[in-house]
Amino acid sequence: MHATRALIHLDLLRSNIAAVKAFVGGRRICFPVKADAYGHGAVPVASAALGAGVDFLAVATVQEGEELRRACIQAPIILLSLPSPEELPALIASRLTPMVADAAFARELDAAAAAAGTTLPIHLKIDTGMGRIGCRPENAPGFAAEVAALRSLRIEGTATHLAASDSRDGGDLAYTERQIDAFESTIAAIRAAGIDPGILHAANSGGVALHPRSWFDMVRPGLALYGYPPVDGLDGVLKVSPVMELESRLVFIKPVRAGESVSYGRIWTADRDTVIGTIPVGYADGLPRGLSNRLTVIVGGRAFPQVGRICMDQCMVDLGPDSSARKGDRVVLFGPGPGVPSAADLAREHGTIPYEITCGINKRVPRVYRET
Ligand SMILES: *Cc1c(COP(=O)(O)O)cnc(C)c1O
């Protein structure tokens, strides 16, 4: 197998699920496994999660839902994004649970479900301030009534999505609380119209961490379950560990003299005689090229600076003048464990979010599933 691999620690996923479940007082968990489970591999991750107390799964596309069904996963799967009209038969055949935000879409779904001779569970989606998909709160009771009148749809739940729940900024905290207020009053209005809104859910990872009022009946944390705290300062409150570990090996080691440069563009020159190791991982694997000269990698349990431009398929590390490193030594680019940079550390250094790092680990990097 290729030296560069993404180890997926299913034991850590399970303990993250247990930690979040306990933190939210045993509420139901809907686990987003969209984008191939944030790059971790949807089928193995979803299967492990369902065995560890997750109740619902969520995907972004019909194709992602079909992949889970092909793997014989039976749990309810919420479709978070909107499908194309031509995808509706596949959506129904795969028994996905769409989010519905407008009456025209509800009628199309109803017709497709009726044509397939089935009743489709759906969740109403209310836009309380995300500005992406959702029915406006003031239109929600009328919309809910229209959906409730459709013979082949069944309202199983009602949801909203929080726009800034992972921020401790005062304005953002207040904004999120107003979103929760708006969701609560919308639910009350739907109930007053004589309609059961079903399972209520709003909280992404930020909501789980900072807004207990957003927990309702079910929470939808992705990031936290993959092991990244959505905000700093949760140590001792909500303990999660990164599930993905990007590992590789030294494939070449050579002495380099002071004044010699390493890699494209000569952005790094040795200021002393040293030993340089080559690692077969590059930006085509998803290691951002923008991190060139700014990355710390772990070789044989110790931290060393990555030096020179990160190439498409390889990068180099300065092992120091007295290095005893050997070809084949294990390298860790990011992962769990003390002293190991996490994908969140790489993201911070790169001016992005951990989601983009784990989702960006390319398909050519084999995922290897570990139980311990
Ligand atoms: C992706 C997504 C989530 C999960 O968000 P995290 O920030 O990863 O916790 C929850 N709800 C919806 C609608 C989403 O699209």
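Treat the numbers as computed from the prediction; the structure is a model and nothing was measured. As the structure lists them, so they are numbered: ligands from 1, and atoms in each ligand from 1. Just so it is clear, the values below take in all heavy atoms, side chains as well, and ignore hydrogens, waters and symmetry mates.
Two rings, from Phe31 and Tyr226, have their centers less than 6.0 Å apart.
Put simply, the residue from Arg191, Arg178, Arg213 that forms a salt bridge (Lys or Arg N to Asp or Glu O under 4.0 Å) with Glu184 is Arg213.
The nearest heavy-atom contact from the protein to atom 7 (O) of ligand 1 is Tyr355 OH, 2.5 Å. Looking only at heavy atoms of the protein, atom 15 (O) of ligand 1 is closest to Lys34 NZ, 2.7 Å. In terms of protein heavy-atom proximity, atom 9 (O) of ligand 1 is closest to Ser205 OG, 2.6 Å. Of all protein heavy atoms, the one closest to atom 8 (O) of ligand 1 is Tyr38 OH, 2.6 Å. Atom 12 (C) of ligand 1 has His161 CE1, 3.3 Å as its closest protein atom, hydrogens excluded (heavy atom only). In terms of protein heavy-atom proximity, atom 11 (N) of ligand 1 is closest to Arg220 NE, 2.9 Å.
For a threshold of 3.5 Å applied to N or O pairs, the pair formed by Gly222 and ligand 1 contains at least one separation below that value.
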Item checked: Asp318 and Thr274: CA distance, side-chain angles, deciding distance, side chain to side chain donor-acceptor pair (under 3.5 Å) verdict -> CA-CA 7 Å; Asp318 181 1; Thr274 188; 2.5 Å; yes

Next item on the list: Give the intermediate values and the outcome of salt bridge (charged side-chain N to carboxylate O under 4.0 Å, His left out) for residues Arg27 and Asp217.
Entry: CA-CA 6 Å; Arg27 283 173 174 74; Asp217 302 322; over 6 Å; no

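Residue Leu223 touches ligand 1 through backbone and side chain together, judged by heavy-atom distances below 4.0 Å.
The contact set between ligand 1 and Pro221, taken as ligand atoms under 4.0 Å from a residue heavy atom, comprises 9 (O). Using a 4.0 Å cut-off to heavy atoms of Pro32, the atoms of ligand 1 that qualify are 3 (C), 4 (C).
Annotation: side chain of Lys34 is not in contact with side chain of Thr61 (no heavy-atom distance under 4.5 Å).
Enclosure of atom CZ in Arg302 is not indicated, since only 12 or fewer non-hydrogen atoms of other residues, nucleotides or ligands lie within 6.0 angstrom.
Side chain of Gln179 to main chain of Ala163: a donor-acceptor pair is present (N/O by atom type, distance under 3.5 Å, no hydrogens or angles).
Side chain to side chain, Ser205 and Asp166 fail the donor-acceptor criterion of an N or O pair below 3.5 Å.
A heavy-atom separation below 4.0 Å is found between Arg132 and ligand 1.
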